[in-house]
Asker: 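Next up is a structure, given as C-alpha cells.
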Amino acid sequence: MNEFAKFYVDLFVEWWNNFCEFWATLWKAIAKAFSTDIKQYFTILNDYSNNFNVFSWFMVVIMSLITITFIVFLVIKIWQLLKVFFKFRKIEVEKEELLSEIAELNKQVQLAAQEKQDILKLKVGNIQGGRDVDILTGNLVDEKDFMQYDNSANKTENNEEEDSKRFTKLIAVDEKYARSDMAIQMTNEDTLSLSQIVDRFVNFAASRMHLYYSRDIISRFFAGMATGKLIILEGISGTGKTSLPYAMSKFFKNNASIVPVQPSWRDKSEIIGYLNEFTKKFNETDFLKSLYEVTYREDINYIVLDEMNLARIEYYFAEFLSMMEMPDVSEWKIDLVPSTYPDDPKHLQQGKLLVPQNVWFVGTANKDDSTFTITDKVYDRATTIILNAKANYFDAPYTEDLTMSYDYLNDLFKKAHENNAISLKTMDSFKKLDEFIQDNFRIAFGNRIMRQINDFVPVYMACGYSELDGLDYMFATKILRKFESLNLAFLKNEIDQLIALIQKLYGKDSFSDSIAYLRQLQKLN
C-alpha cells in the first residue's frame, strides 16, 4: 500500500509540473511574440527592405494590416466567448437560486396551509350552560356562533380540496351534466331524409339568421361530415365561412365552440393545454373543455378553428390529424397527463381523453399574405369546401330548428352508402383518369383519397345530386388541386388532353367544376 501511495504521489507531481510548465511556456510564448520579439521583427524587415521595390512595400503594408486585423479579431472573439461564458454561468447560478427560492416558498405555503388547518380545528368544547369556549380567544360562544364557525371551517376545507384538483374546468363539466338528462327525444317531424335536412337548413339559416347559402354548398358540408371529422371552409373573407358551422349548430339546437387560432401556436399544448409542473394544475383551454363536454352529449357538435392557417396546422393539430387516420375509433385518444388521480374528471381514461364521434372540427381559412399555405398532409385528411362568393338573397319561409341525435344522422350516412354506391362503369372510367394523370403529371390518387371519394359521393347523391356531380367536386378539390405545385407552363398540351379525356369518358356536359378549374390553371400560366 505504501509503494502504491508513493507511486501515485510521484505520478501526480510529475503531471502537475507538466501542466504548470505548459501554461508557463504558453504565456512566455505570447509575451515573447508581442513584446520582446517586436525588435527582431523590425530587424528582419530592415535586412530585406534594401531590395524592396514599390510593390514589395505595398505588400508589406497590406500583410501587416491583415496580420494586425487577424490578431485584433482573435482577441475580440476570445473576449466575446469569455463574456458569453460568464453571462451563461451567471444565468445558470441565478436559475439555481430561483429554483431554490421557489422550492422554499412551496414548502412555506404547505406549512402555512397545514397551520391554517390546525388552527381551524383548535376548537375545544367546554360545556358551560350549552355554550362552547373558543380556544383562540378564550371567549364563550353560543351554539349558533359555533355552527357558523364550523360551517366556515368546512367551507375553507372544501375550497382547499377544490384547489387541489388538477382539472377545474372539466370537473365543472362533470358537475353540470351530473344533474342533466342529455338523451335526445326525436319526434316524427325530426325524422327527415338527408335531402330534406339540406332544404330545411337552407331555409332555417335564411329565415332565422339572415344567412344565405346555396343548396350545393350545404350538401357538400353534409357529405364532408360523412367523409371525415375535419372540414376546411376556404375562400375570400366575408363569404360566411365562420357563420356556416355557427348556424349549423343552432339548427341542431346546440352552440358551436369557436376557437380563434393564434399565429404563435406551435404544438398541441396550444389547443388542449398542459400540466404545470410547479402548481401541478392542468392549464385547460376552451377547446379542451368543449371537446370534453361533447362526451356527455348525444347530439351533433362542432368545434370551429377560426382562421386555422394563421399558424401551421400540421404543428398544433398534428396529433389529431394522425389520430383520425386510425380505423379503430376506440384508439382516438389524446394524451393529457401521464398519471391518474382519484379526483380526475370522470371521462378521462388513464390520463387520456377519448375523442367522441359526435364532434366535427371545422376550420376556416383565408388565402393571403398573413397566412400559411395549407399543406397536402392537411388537405388529404380533410374535406375542403370552397366559398368564394356569397349566395344571393332569397325569400325563405319561417323554419324551425331540428332535434337530431348523432346516431340518427350516422344511420342516414350508412343508408346512403348502401343505396347509392358508385357504379362500376363510373369507377372504371375514373381509373383511366388516374392512369393518365400518373403517366403525364406524376400524381397518384392514393388509397386515402379513393376511400374519401367512396364516402363522399353516396351521401352527396342522397342530398339530391348525381354521382358525377359528387365525383366532379372531389376530383377538382382532391386531385386537381395538387396541380398548383407543378410547372404548368410546360404542361398546357397535357391539360388539353386531360380535358378531352374527361369529356370523352363522362360527356361534354359533365365535370364542369374540374374543367373550369383546369381552364383557370391554363390562364394563370
Asker: Does a side-chain heavy-atom distance below 4.5 Å link D376 with R481?
Answerer: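 Side-chain contact under 4.5 Å: yes.
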
Asker: Applying side chain to side chain contact (heavy atoms under 4.5 Å, CB included), run through E325 and R381 and close with a yes or a no.
Answerer: CA-CA 8 Å; E325 286 291 289; R381 290 163 171 78; 3.5 Å; yes

Asker: Heavy-atom distance under 4.5 Å between the side chains of L291 and F320, does that happen here?
Answerer: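 A side-chain contact exists here, since the closest heavy-atom pair is under 4.5 Å.
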
Asker: From the options F287, Y316, Y315, select the one residue that forms a ring pair (Phe, Tyr, Trp, His ring centres under 6.0 Å) with W265.
Answerer: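 With W265 as partner, F287, Y316, Y315 yield a single ring pair (Phe, Tyr, Trp, His ring centres under 6.0 Å), made by Y316.
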
Asker: Which of parallel (below 30°), tilted (30 to 60°) and perpendicular (above 60°) describes Y460 and Y465?
Answerer: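 Rings of Y460 and Y465: parallel, under 30°.
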
Asker: Determine whether the side chains of S237 and N366 contain a donor N or O and an acceptor N or O closer than 3.5 Å.
Answerer: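 Not at all, the side chains of S237 and N366 share no donor-acceptor pair under 3.5 Å.
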
Asker: Going through the distances and angles, do V304 and F361 end up as a side chain to side chain contact (heavy atoms under 4.5 Å, CB included)?
Answerer: CA-CA 6 Å; V304 182; F361 305 102; over 6 Å; no

Asker: V294 versus N358: any side-chain heavy-atom pair under 4.5 Å?
Answerer: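 Yes, at least one pair of side-chain atoms sits under 4.5 Å.
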
Asker: Is the shortest heavy-atom distance from the side chain of I303 to the side chain of V359 under 4.5 Å?
Answerer: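 Side-chain contact under 4.5 Å: yes.
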
Asker: Do other residues, nucleotides or ligands put more than 12 heavy atoms under 6.0 Å from the CD atom of Q503?
Answerer: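 Yes.
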
Asker: State which residues pass side chain to side chain contact (heavy atoms under 4.5 Å, CB included) with S269; sequence neighbours excluded, sorted by chain then number.
Answerer: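 Expected list: D267, Y274.
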
Asker: Verify whether one side chain among Q438 and D434 offers a donor that lies under 3.5 Å from an acceptor in the other.
Answerer: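 On atom types as modelled, these side chains qualify, holding a pair under 3.5 Å.
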
Asker: Please list, chain by chain and in numerical order, all residues satisfying side chain to side chain contact (heavy atoms under 4.5 Å, CB included) with N447, sequence neighbours excluded.
Answerer: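 Here no residue qualifies.
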
Asker: With a 4.5 Å cut-off on side-chain heavy atoms, are R166 and K280 touching?
Answerer: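 No; the side chains remain at least 4.5 Å from each other.
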
Asker: Side chain to side chain contact (heavy atoms under 4.5 Å, CB included) for R519 and I499? Distances and angles first, verdict last.
Answerer: CA-CA 9 Å; R519 295 295 188 199; I499 293 173; 3.5 Å; yes

Asker: Assess whether side chain to side chain contact (heavy atoms under 4.5 Å, CB included) is satisfied between Y213 and K390, documenting all intermediate values.
Answerer: CA-CA 7 Å; Y213 296 100; K390 294 184 68 174; over 6 Å; no

Asker: Using a cut-off of 6.0 Å, state whether more than 12 heavy atoms not belonging to N454 lie near its atom CG.
Answerer: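 Counting neighbours around CG of N454, more than 12 heavy atoms of other residues, nucleotides or ligands fall under 6.0 Å, so yes.
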
Asker: Could you label the plane-to-plane angle of the F456 and Y473 rings as parallel, tilted or perpendicular, counting under 30° as parallel and over 60° as perpendicular?
Answerer: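 Plane angle under 30°, so parallel.
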
Asker: Just wondering, are more than 12 heavy atoms of other shown residues or ligands nearer than 6.0 Å to NZ in K169?
Answerer: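 Yes - once you tally the heavy atoms of other residues, nucleotides and ligands closer than 6.0 Å, there are more than 12.
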
Asker: For N255 and S249, which I'm curious about, is there any donor-acceptor pair between the side chains at under 3.5 Å?
Answerer: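 No.
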
Asker: Does E234 come within less than 4.0 Å of K241, counting only side-chain N to carboxylate O?
Answerer: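 Salt bridge absent between E234 and K241.
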
Asker: So, for F19 and F22, is the gap between ring centers shorter than 6.0 Å?
Answerer: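 No.
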
Asker: How about T426 and L471: do any of their side-chain heavy atoms sit closer than 4.5 Å?
Answerer: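 Yes, close enough: below the 4.5 Å cut-off.
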
Asker: With sequence neighbours left out, write down each residue that passes salt bridge (charged side-chain N to carboxylate O under 4.0 Å, His left out) with D469, or none if nothing qualifies.
Answerer: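 Salt bridge (charged side-chain N to carboxylate O under 4.0 Å, His left out) list for D469, sorted by chain: empty.
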
Asker: Applying side-chain contact (heavy atoms from CB on, under 4.5 Å) between I385 and each of L244, I217, V362, report the one that passes.
Answerer: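 Of the listed residues L244, I217, V362, the side-chain contact (heavy atoms from CB on, under 4.5 Å) partner of I385 is I217.
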
Asker: For K352, look at atom NZ and say whether over 12 heavy atoms of other residues, nucleotides or ligands are found less than 6.0 Å away.
Answerer: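 12 or below, so no.
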
Asker: Classify the ring geometry of Y393 against Y212: parallel below 30°, tilted from 30° to 60°, perpendicular beyond 60°.
Answerer: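 Geometry flag for Y212 against Y393: perpendicular rings.
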
Asker: Quick check on side-chain hydrogen bond (donor to acceptor under 3.5 Å, both in side chains): which of K478, Q452, K482 does D380 satisfy it with?
Answerer: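 Of the listed options, the one satisfying the test is K482.
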
Asker: Any chance CG of D509 has more than 12 other-residue heavy atoms, nucleotides or ligands included, within less than 6.0 Å?
Answerer: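 Counting neighbours around CG of D509, 12 or fewer heavy atoms of other residues, nucleotides or ligands fall under 6.0 Å, so no.
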
Asker: Quick one: are I271 and V261 in side-chain contact, heavy atoms under 4.5 Å?
Answerer: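 No, too far: nothing below the 4.5 Å cut-off.
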
Asker: Look at K432 together with D428 and state whether they make a salt bridge at an N to O cut-off of under 4.0 Å.
Answerer: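 So K432 does not pair with D428 through a salt bridge.
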
Asker: For residues F282 and N276, determine if any side-chain heavy atom of one lies less than 4.5 Å from a side-chain heavy atom of the other.
Answerer: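 No, their side chains stay 4.5 Å or more apart.
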
Asker: Are K289 and E284 close enough for a salt bridge, meaning some N to O gap below 4.0 Å?
Answerer: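 Salt bridge: no.
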
Asker: Is any side-chain N of the basic residue among D496 and K492 closer than 4.0 Å to the acidic one's carboxylate O?
Answerer: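 Result for this pair is no, no salt bridge flagged.
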
